[in-house]
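What follows is a single structure, written as structure tokens, with notes after it.
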Number of protein chains: 2
Amino acid sequence: MTDQRKAILKVLEESEDHPSVETLCDRARQADASISIATVYRTLGLLSELGLVLKHDFKDTSARFEVDHGHHHHLVDTESGEVVEFENDALEALMHKICADLGYEMVDHTFELFGRKIKK
Amino acid sequence: MTDQRKAILKVLEESEDHPSVETLCDRARQADASISIATVYRTLGLLSELGLVLKHDFKDTSARFEVDHGHHHHLVDTESGEVVEFENDALEALMHKICADLGYEMVDHTFELFGRKIKK
DNA sequence: GTATGTGCAAAGACTTTGCTTTGGA
DNA sequence: TCCAAAGCAAAGTCTTTGCACATAC
């Protein structure tokens, strides 16, 4: 457990948004200016494999990350880029059921919604 | 409508799997050996925008494509890489409902399941 | 003291683009 | 003929890696 990893973890935990590798690196550099992007990639790789961190594809240019604090999903506002988080137990259950019905045990999934705000 | 586009479309329509750009290019070249990878990318970009073709991320190295023939989803066998297609109306409905409840109109989504075959 | 981690820069993988030539309508 | 499309190769992005140096334990 190195200082760099501590800094990256801390930034991840404190982030309320879904930072890209680049953003994460910038933030971590405020604690330790020497942190390189390579280390950020390597650390995120580790954390992802351990299941502590989730990687998302918001159809942005690059991958986005967040600590895995319980099951929730994302709706991306296609106009503003804003990300809305939500939980939905029925969805979770349905995903597991679909896998089971097909004879599989679910080990992972991707799921993001993209929507346009409805004007009142 | 050029010969190259015709060839790419034909290959896409005849593909029962979910080819990558590279694979698609190889297949299209059997009809017209001069087709370049750039044309395949450009054509897929067009077709995607028109909504005729869907682009998926199966956590492979590169993007995978298929013609949009009705709503169905994918379960990727994490051991074999095999892709199982399935339909599920409840899932469709739930996605739309989630968006609506959050005040959004759904314009797109990503959804793939990753699972391990259950041994009997 | 030794295995592991880091920084840097170079290499990789996938995708996009500039420019010239080609070809469809 | 004329404009859109194709081919080629170069450039762009994001990500990974080799290697020498630094550091945790």
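Because the structure is a prediction, the values reported are computed rather than measured. So that the names make sense, note that chain A is the first sequence line, chain B the second, and so on, each numbered from 1.
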Residue whose nearest DNA chain C nucleotide is more 5′ - B/Ser62 or A/Arg29: A/Arg29
Calculate the interatomic distance between A/Ile35 atom CD1 and D/dT23 atom P; express it in whole Å. 14 Å
Would you mind telling me which residue lines up with the more 5' stretch of DNA chain C, A/Thr43 or B/Phe65, judged by nearest nucleotide? A/Thr43
From NZ of A/Lys59 over to P of D/dC14, roughly how many Å is that when rounded to an integer? 18 Å
Nearest-Å distance for atom pair CG/P, residues B/Asp26 and C/dC14: 13 Å
Whole-Å gap separating P (D/dT15) and CG (A/Leu44): 10 Å
Could you tell me the separation between the CG atom of B/Leu24 and the P atom of C/dC14, rounded to a whole number of Å? 15 Å
Classify the ring geometry of B/His69 against B/His72: parallel below 30°, tilted from 30° to 60°, perpendicular beyond 60°. parallel
Which heavy-atom pair separates A/Ser80 from A/Asp77 by the least distance, and what is that distance? N-OD1, 3.1 Å
Please classify the nucleic acid contact of B/Ile37 as base, sugar-phosphate, or nothing, using heavy-atom distances under 4.0 Å. nothing
Atom CD1 of A/Ile8 and atom C1' of C/dG5: how far apart are they, to the nearest Å? 11 Å
Assert yes or no for the condition that the ring centre distance of B/Phe65 to B/His18 is strictly below 6.0 Å. no
When you match A/Ala38 and A/Thr2 each to their closest nucleotide on DNA chain D, which lands nearer the 5' end? A/Ala38
Just by distance, do the side chain of B/Thr43 and the backbone of B/Arg5 share a donor-acceptor pair under 3.5 Å? no
Here the distance between atom C1' of D/dG7 and atom CG of B/Asp3, to the nearest Å, is 15 Å
Rounded to whole Å, CG of A/Asp57 lies from C1' of D/dT15 at a distance of 14 Å
For a quick test of reading the model: is some side-chain N or O of B/Thr39 closer than 4.0 Å to OP1 or OP2 of D/dG7? yes
On DNA chain D, nearest-nucleotide positions of A/Met1 versus A/Lys55: which is more 5'? A/Lys55
Look at the side-chain N and O atoms of A/Tyr41 and state whether any lies under 4.0 Å from the OP1 or OP2 oxygen of D/dT15. yes
Are any side-chain N or O atoms of B/Arg27 and backbone N or O atoms of B/Val11, one a donor and one an acceptor, separated by less than 3.5 Å? no
Below 4.0 angstrom from OP1 or OP2 of C/dG7, is there any side-chain N or O of A/Gln4? yes
Base, sugar-phosphate, or nothing for A/Arg42, non-hydrogen atoms under 4.0 angstrom? base
Any side-chain N or O of B/Ser34 below 4.0 angstrom from OP1/OP2 of D/dG7? yes
